[in-house]
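Everything quoted here is computed from the prediction, not taken from an experiment.
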Amino acid sequence: MRVGIGYDVHKLASNRKLILGGVEIPSSKGLDGHSDADVLLHALADALLGAAALGDIGKHFPDTDPAYKDISSLLLLSKVANLVRSGNYEIINVDATLILQQPKISSYVPQMRENIAQALSVPVESVSVKATTNEGLGFIGVGEGAAALAVASIRNQ
């Protein structure tokens, strides 16, 4: 078995949609980035790539490439799953924690888990998504950004 960890962070900005786990969440601000800036999916992608020793999301989908401008991170995650499988690995499970002060996302977690499971072609029981605040501390706590941490386990097929 192999394990990888992932981390991503994006600042919040006006005139952007807030997309987390492939779900558009009503909010006055969204995450700023080249793609849809879905920190949750980016952290999961990096965890999977790390477990397979395939580098990171920036190596495979550089933010300097116009092909990835505003692309859905669900599509990127699906591509990462295919890369992992092409290395003869099976995805066992993924677990992620989203760190965001506002808005509350607990009601969106079931759809996020479904989206991730579908993108990875794994059972929803193999996907865990949790959320926490930063208790008002730091740039996340004052509502300037969001981050996500993730872990993934894979094994040779």
Side-chain angles (χ1 to χ4, degrees), residues 2-81 83-84 91 93-120 126-154:
R2 298 172 64 117
V3 176
I5 60 170
Y7 172 79
D8 195 39
V9 62
H10 284 275
K11 64 182 175 179
L12 285 161
S14 298
N15 301 315
R16 291 280 299 187
K17 293 179 182 178
L18 180 60
I19 311 282
L20 297 169
V23 177
E24 186 175 336
I25 298 171
S27 178
S28 62
K29 292 183 178 181
L31 294 168
D32 194 19
H34 186 69
S35 67
D36 63 7
D38 190 327
V39 292
L40 184 62
L41 299 185
H42 293 182
L44 285 166
D46 268 349
L48 286 161
L49 289 166
L54 293 173
D56 62 27
I57 195 170
K59 173 185 173 182
H60 295 277
F61 315 107
D63 64 5
T64 55
D65 188 334
Y68 304 117
K69 179 71 176 148
D70 297 324
I71 194 168
S72 167
S73 294
L74 281 171
L75 180 57
L76 299 180
L77 187 62
S78 180
K79 289 177 181 283
V80 165
L83 284 169
V84 169
I91 299 168
N93 78 303
V94 295
D95 179 26
T97 301
L98 176 66
I99 309 160
L100 176 71
Q101 200 65 35
Q102 288 291 332
K104 299 297 184 196
I105 60 116
S106 59
S107 64
Y108 303 100
V109 168
Q111 186 60 57
M112 290 177 187
R113 290 180 65 217
E114 289 285 344
N115 291 348
I116 294 164
Q118 185 175 18
L120 297 178
S126 297
V127 176
S128 174
V129 173
K130 305 169 301 298
T132 189
T133 69
N134 229 30
E135 298 294 330
L137 300 172
F139 73 94
I140 294 172
V142 297
E144 293 177 359
L149 299 163
V151 63
S153 61
I154 62 175

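- For the residue pair A96 and L44, the shortest heavy atom distance occurs at CB-CD2, 3.9 Å.
- Contact check for T97 versus T132: side-chain heavy atoms found under the 4.5 Å cut-off.
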Give the intermediate values and the outcome of side-chain contact (heavy atoms from CB on, under 4.5 Å) for residues I25 and M112.
-> CA-CA 11 Å; I25 298 171; M112 290 177 187; 3.7 Å; yes
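- Of all heavy-atom pairs between G136 and Q101, the closest is N-OE1, 3.4 Å.
- Put simply, CD1 on I140 and NZ on K11 are 14.5 Å apart, with the number rounded to the nearest 0.5 Å.
- For residues 66-78, the side chain to side chain donor-acceptor pair (under 3.5 Å) pairs, not counting sequence neighbours, are D36-S73, H42-S73.
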Starting from the C-alpha separation in whole Å, work towards a yes-or-no answer on side-chain contact (heavy atoms from CB on, under 4.5 Å) for K130 and D95.
-> CA-CA 8 Å; K130 305 169 301 298; D95 179 26; 2.4 Å; yes
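- Under the rule for a salt bridge (charged side-chain N to carboxylate O under 4.0 Å, His left out), R113 has no partner lying at least two apart in sequence or in another chain.
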Kindly list each side-chain donor-acceptor pair under 3.5 angstrom involving residues 51-61, sequence neighbours excluded, with atom names and distances?
unit_1 : atom_1 : unit_2 : atom_2 : d
D56    : OD1    : G58    : N      : 3.1
D56    : OD1    : K59    : N      : 2.9
H60    : NE2    : L54    : O      : 2.6

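- Between P66 and T64, the shortest heavy-atom distance links the atoms CD-O, 3.4 Å.
- Rounded to the nearest 0.5 angstrom, L48 CG and I5 CD1 are separated by 13.0 Å.
- Heavy atoms only, all atoms of each residue included: R16 and A37 are closest at NH2-CB, 3.9 Å.
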Step by step, work out the side-chain contact (heavy atoms from CB on, under 4.5 Å) result for L100 and L20.
-> CA-CA 10 Å; L100 176 71; L20 297 169; 3.8 Å; yes
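- Listed by first and then second residue, the side chain to side chain donor-acceptor pair (under 3.5 Å) pairs that reach into residues 17-33 come to none, sequence neighbours excluded.
- A search for salt bridge (charged side-chain N to carboxylate O under 4.0 Å, His left out) contacts involving K104 returns nothing, not counting sequence neighbours.
- To the nearest 0.5 angstrom, L77 atom CG is 9.0 Å from L49 atom CG.
- Using a 4.5 Å heavy-atom threshold, the side chains of V151 and V3 count as touching.
- Across P103 and P26, no two heavy atoms sit closer than the pair CG-O, 4.0 Å.
- Atom CD1 in I105 sits 7.5 Å away from atom CG in L40 (nearest 0.5 Å).
- Not a single donor-acceptor pair under 3.5 Å links the side chain of H34 to the backbone N or O of P62.
- In this structure, the separation between CD on Q102 and CG on L18 is 11.0 Å, given to the nearest 0.5 Å.
- For the atom pair CG of L76 and CD1 of I71, the computed distance is 4.5 Å after rounding to the nearest 0.5 Å.
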Determine, step by step, whether L41 and L74 satisfy the side-chain contact (heavy atoms from CB on, under 4.5 Å) criterion, reporting the C-alpha distance in whole Å, the side-chain angles of both residues, the deciding distance to 0.1 Å, and the verdict.
-> CA-CA 7 Å; L41 299 185; L74 281 171; 3.6 Å; yes
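- Legend: residues meeting ring pair (Phe, Tyr, Trp, His ring centres under 6.0 Å) with Y108, ordered by chain and number and at least two apart, are absent.
- Closest heavy-atom contact between F139 and A146: CE1-N, 4.5 Å.
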